[in-house]
*Asks:* 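Before I ask anything, here is the structure I am working with.
Model, not experiment: these values are computed from the prediction. Residue indices begin at 1 and follow the sequence shown.
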Amino acid sequence: MEQAPRFAVDIMLGKLAKWLRLMGFDTFYSNSAGDSFLTALATGEKRILLTRDRPLAAKMGNSAYFVHNILLPGQLAEIRAAFHLYLFHPRTRCSICNGILLSISKSEVAKKVPPYVFQTQKNFLQCSRCGKIYWNGTHIQHIKKTISEMIRTDDNTIISQDKENE
């Protein structure tokens, strides 16, 4: 089984970074990371730098990918095609900081989520890095639908289902 690519994304592609994380891909992004930092990070951590900066992409050669599309739906479709991404794992990465999401007991979130959410949800996830709490609200189906529409999925694409948290 081939390991999914790990990405680093430059400042011009912040929305793309968020959506790659929502799809479950390990994606570094910081709006304060400069070219030299991103170059060192991509090289050191064997990440692919996604950029709209042609000279930077050319300088990095095979360690970078120049994103041609300007709009997010086109960018996602382009990245999917370029890296043969056909298996997505939503709800595995924090969309804010890229941390891994881990199950957390309902009792541990009692004072950390709105009362209605606590009463209506039974499964929760917490970011291992920033501590943000996630639950399976109606936004999850919206995210999956948006991903499917933006990347024009076909029968070869799988958006993994977490049956316990559905």
*Asks:* If you measure from NZ on Lys15 to CG on Leu13, what distance do you get to the nearest 0.5 Å?
*Replies:*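 Lys15 NZ to Leu13 CG: 11.5 Å, rounded to 0.5 Å.
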*Asks:* Look at the side chain of Thr51 and the backbone N and O of Ala57, then say whether any donor-acceptor pair between them is shorter than 3.5 Å.
*Replies:*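 No; judged by distance alone, with no hydrogens or angles, the pair does not exist.
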*Asks:* Let me check something: do Phe66 and Leu16 share a hydrophobic cluster, defined by ILVMFWY side-chain heavy atoms less than 4.5 Å apart, either directly or through other members?
*Replies:*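 No, Phe66 does not connect to Leu16 through the hydrophobic network.
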*Asks:* Side chain to side chain contact (heavy atoms under 4.5 Å, CB included) between Phe83 and Leu50: does it pass, once the steps are laid out?
*Replies:* CA-CA 11 Å; Phe83 296 99; Leu50 302 177; 4.0 Å; yes
*Asks:* Using every non-hydrogen atom in the two residues, find where Leu38 and Ala8 come nearest and quote the distance to one decimal.
*Replies:*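 Closest pair (atom of Leu38, atom of Ala8, distance): CD2-CB, 4.4 Å.
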*Asks:* Between Asp26 and Arg93 (salt bridge meaning N to carboxylate O under 4.0 Å), is one present in this structure?
*Replies:*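 Salt bridge present between Asp26 and Arg93.
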*Asks:* What's the shortest heavy-atom distance between Ser95 and Tyr134, and which atoms?
*Replies:*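 The answer is N-OH, 3.2 Å.
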*Asks:* Run Tyr29 and Lys18 through side chain to side chain contact (heavy atoms under 4.5 Å, CB included) and show every step you take.
*Replies:* CA-CA 8 Å; Tyr29 172 78; Lys18 176 184 175 181; over 6 Å; no
*Asks:* With a 4.5 Å heavy-atom cut-off, do Leu20 and Leu76 have their side chains touching?
*Replies:*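 The answer is yes; the side chains approach within 4.5 Å.
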*Asks:* I need the Asn98 CG to Ile96 CD1 distance, nearest 0.5 Å.
*Replies:*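 Spacing of CG (Asn98) from CD1 (Ile96) equals 11.0 Å.
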*Asks:* Between Arg21 and Thr27 (side chain of the first, backbone of the second, donor and acceptor by atom type, cut-off under 3.5 Å), is there such a pair?
*Replies:*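 Looks like yes, one N/O pair under 3.5 Å.
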*Asks:* Measure across Glu78 and His68 and return the closest heavy-atom pair with its distance rounded to 0.1 Å.
*Replies:*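 So the minimum-distance heavy-atom pair works out to OE2-N, 2.9 Å.
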*Asks:* Side chains of Thr120 and Trp135, heavy atoms from C-beta outward: is any pair under 4.5 Å?
*Replies:*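 Thr120 vs Trp135: side chains apart.
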*Asks:* What's the separation between atom CZ in Arg6 and atom CG in Leu41, rounded to the nearest 0.5 Å?
*Replies:*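 So the CZ of Arg6 and the CG of Leu41 are separated by 8.0 Å.
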*Asks:* Specify the closest pair of heavy atoms between Val109 and Phe118, including all atoms of both residues, with the distance to one decimal.
*Replies:*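 Smallest interatomic distance, heavy atoms only, reads CG2-CD1, 4.3 Å.
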*Asks:* Could you please spell out the steps behind the side chain to side chain contact (heavy atoms under 4.5 Å, CB included) verdict for Leu56 and Thr39?
*Replies:* CA-CA 9 Å; Leu56 178 59; Thr39 301; 3.7 Å; yes
*Asks:* Do the ring planes of Phe7 and Phe25 sit parallel (below 30°), tilted (30 to 60°) or perpendicular (above 60°)?
*Replies:*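 Phe7 and Phe25: perpendicular rings.
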*Asks:* Taking the side chain as every heavy atom from C-beta outward, state whether Met23 and Arg80 have any atom pair closer than 4.5 Å.
*Replies:*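 No, every pair of side-chain atoms sits at 4.5 Å or beyond.
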*Asks:* With distance as the sole test, does Gln126 use its side chain to make a donor-acceptor pair with the main-chain N or O of Ser103 at under 3.5 Å?
*Replies:*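 Side chain of Gln126 to backbone of Ser103: no pair is present.
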*Asks:* Could you measure the distance from the CD1 atom of Ile11 to the CG atom of Asp35? Nearest 0.5 Å is fine.
*Replies:*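 Taking CD1 in Ile11 and CG in Asp35, the distance rounds to 10.0 Å.
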*Asks:* Does the ring of Phe124 carry Lys106 above it, NZ/CZ under 6.0 angstrom from centre and within 45° of its axis?
*Replies:*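 Ring-cation test returns no.
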*Asks:* What distance separates Ile48 CD1 from Met60 CE, expressed to the nearest 0.5 Å?
*Replies:*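 Between Ile48 CD1 and Met60 CE, I get 10.0 Å after rounding to 0.5 Å.
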*Asks:* Check whether any side-chain heavy atom of Phe37 sits under 4.5 Å from a side-chain heavy atom of Ser32, and report yes or no.
*Replies:*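 Answer no - side chains too far apart.
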*Asks:* Check whether Leu49 and Phe28 end up in the same hydrophobic cluster, where Ile, Leu, Val, Met, Phe, Trp and Tyr are linked by side-chain heavy atoms less than 4.5 Å apart.
*Replies:*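 Same hydrophobic cluster.
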*Asks:* Which atoms form the tightest heavy-atom contact between Arg47 and Glu45, and what is the distance?
*Replies:*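 Looks like NE-OE1, 2.7 Å.
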*Asks:* For the hydrophobic clusters of this structure (ILVMFWY residues joined by side-chain heavy atoms under 4.5 Å, transitively), does one cluster hold both Val9 and Phe88?
*Replies:*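 Yes, it is one cluster - the side chains of Val9 and Phe88 are joined through contacts under 4.5 Å.
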*Asks:* With a 4.5 Å heavy-atom cut-off, do Asn136 and Asn123 have their side chains touching?
*Replies:*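 Of all side-chain heavy-atom pairs linking Asn123 with Asn136, none is under 4.5 Å.
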*Asks:* Please report the closest heavy-atom contact between Asn69 and Gln75, naming both atoms and the distance.
*Replies:*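 Distance-wise, the nearest heavy atoms are O-NE2, 3.1 Å.
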*Asks:* Just verifying a value: how many Å separate Cys94 SG and Leu102 CG, rounded to the nearest 0.5 Å?
*Replies:*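 One finds 11.0 Å between SG of Cys94 and CG of Leu102.
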